[in-house]
Amino acid sequence: MKSKDKIKESVEYILQNKIKKCDLGIIIGTGLGGLVNYVNIIVEIPYSSIPYFPISKMEMQNSRIIFGKINSREILIFDGRFHKYEDFNYFQITYPIYIMSQLGVNKLVVTNAAGGIDLKLKKGQLMIIKDHINLQCGSPLAEKENFGMGERFVDMREPYSKDLIEKIVNISIQTKIEIGLGVYACVVGPQLETSSEYKYLRIIGADAVGMSTVPEIIVANQLGIECLAISVITDLCDPDNLEPINIKEIIEMGKKGEKQLIKILIELLKTI
Ligand code: HPA
């Protein structure tokens, strides 16, 4: 079956289930679902009920589309995402983007948890992604499922919207929430990096590292969607003082950052 036909069937199902077309979409990163508590939910659909929609088996991962309002702003939230390390292909990882595009989304906000390579970042702090480095050694545009979906040689001069970044920077000044601005490197994972890899990441210009976001941003750019991505820094990656991985602390730092993330996203929604 052709990708376009799968997407068409998924979208038809979603629209039949009372989700309305909407210009703003959000993909929520793993463990960062608290924003949903601030949404006046109009309709919620589990991914598992939508034809052809991928489903993650990861813990801490919700799997649903929410259509609702924050204050008076309508939004489509994709609560639950797909990673390369779960053995999804790029068509599956980026499936929510194709669906959003068909549902009228032209502005996308993506959140994720990431390790801090720039040691000026603090645990629990937010970082706006101004650019990225794809270290997954693969592209969603290089899979046959993507052929015919749009431009092949997609321009990546400005993958993240300058306008949306400026808005977040202004909000961070007004709300006095300290927020970094940097380059996100995307690896496959799921293992964390060696100290030599952290040194390498620093040398090539990365400020943070994580295992998601970049495939979705590539397809969003192909489809002409304006993008904003924000990382919550959950751990610091100092190659000379590597600490044992502490999942409890990573989750705690995610929660700390999430509070600020929710605050600035609610402010952003008032302006877009
Ligand atoms: N490396 C890769 N991904 C991550 C990290 C990290 O240190 N922290 C959170 N996500």
Side-chain angles (χ1 to χ4, degrees), residues 26-35 56-62 78-88 90 93-94 109-138 140 159-160 178-218 228-262:
I26 298 186
I27 295 183
I28 289 187
T30 310
L32 300 173
L35 180 70
S56 171
K57 291 188 179 60
M58 255 174 77
E59 283 174 50
M60 287 176 52
Q61 181 86 298
N62 288 315
F78 284 64
D79 186 17
R81 69 135 59 87
F82 313 105
H83 302 88
K84 195 68 186 157
Y85 65 74
E86 296 174 83
D87 199 28
F88 287 116
Y90 283 117
I93 294 169
T94 57
V109 178
V110 180
T111 65
N112 63 38
I117 301 290
D118 174 0
L119 300 177
K120 288 196 287 300
L121 292 165
K122 299 182 188 95
K123 289 182 195 177
Q125 192 185 343
L126 305 179
M127 186 191 91
I128 306 166
I129 301 180
K130 66 172 182 188
D131 202 1
H132 69 227
I133 301 172
N134 181 7
L135 295 176
Q136 289 200 334
C137 298
Y160 302 88
E178 201 186 341
I179 189 162
L181 180 66
V183 176
Y184 175 87
C186 173
V187 295
V188 173
Q191 76 285 353
L192 295 172
E193 291 69 34
T194 63
S195 42
S196 301
E197 286 167 338
Y198 286 134
K199 277 185 195 151
Y200 163 77
L201 288 167
R202 194 189 288 175
I203 290 166
I204 64 171
D207 298 297
V209 58
M211 304 171 192
S212 69
T213 302
V214 167
E216 291 109 310
I217 296 296
I218 292 171
L228 173 75
I230 303 176
S231 295
V232 174
I233 304 298
T234 52
D235 54 304
L236 288 182
C237 309
D238 180 354
D240 301 318
N241 294 293
L242 266 197
E243 289 169 7
I245 177 165
N246 181 341
I247 293 292
K248 195 166 158 263
E249 195 192 29
I250 286 183
I251 293 170
E252 256 169 46
M253 290 305 144
K255 289 287 154 211
K256 183 175 164 198
E258 187 190 29
K259 281 190 197 142
Q260 301 185 326
L261 181 64
I262 291 169

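Whatever order the structure lists ligands and atoms in, that order sets their numbers, starting from 1.
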**Prompt:** Going through the distances and angles, do L135 and L201 end up as a side chain to side chain contact (heavy atoms under 4.5 Å, CB included)?
**Reply:** CA-CA 10 Å; L135 295 176; L201 288 167; 3.4 Å; yes
**Item:** Set of residues that line ligand 1, where lining means a heavy atom lies under 4.0 Å from it
**Value:** A113, A114, G115, L192, E193, Y198, V209, G210, M211, T234, D235, C237
**Message:** I'd like to know whether CZ of F88 has more than 12 heavy-atom contacts from other residues, nucleotides or ligands below 6.0 angstrom.
**Reply:** yes
**Request:** Could you check K199 against D240 for side chain to side chain contact (heavy atoms under 4.5 Å, CB included), going step by step and ending with a plain yes or no?
**Result:** CA-CA 9 Å; K199 277 185 195 151; D240 301 318; 3.8 Å; yes
**Message:** One pair to check against side chain to side chain contact (heavy atoms under 4.5 Å, CB included): L119 and R202. What are the steps and the verdict?
**Reply:** CA-CA 10 Å; L119 300 177; R202 194 189 288 175; 3.4 Å; yes
**Message:** side chain to side chain contact (heavy atoms under 4.5 Å, CB included), that's the test. Do S212 and Y184 meet it? Break it down for me.
**Reply:** CA-CA 10 Å; S212 69; Y184 175 87; 3.6 Å; yes
**Asked** Salt-bridged, E252 to K255, with N to O below 4.0 Å?
**Response** no
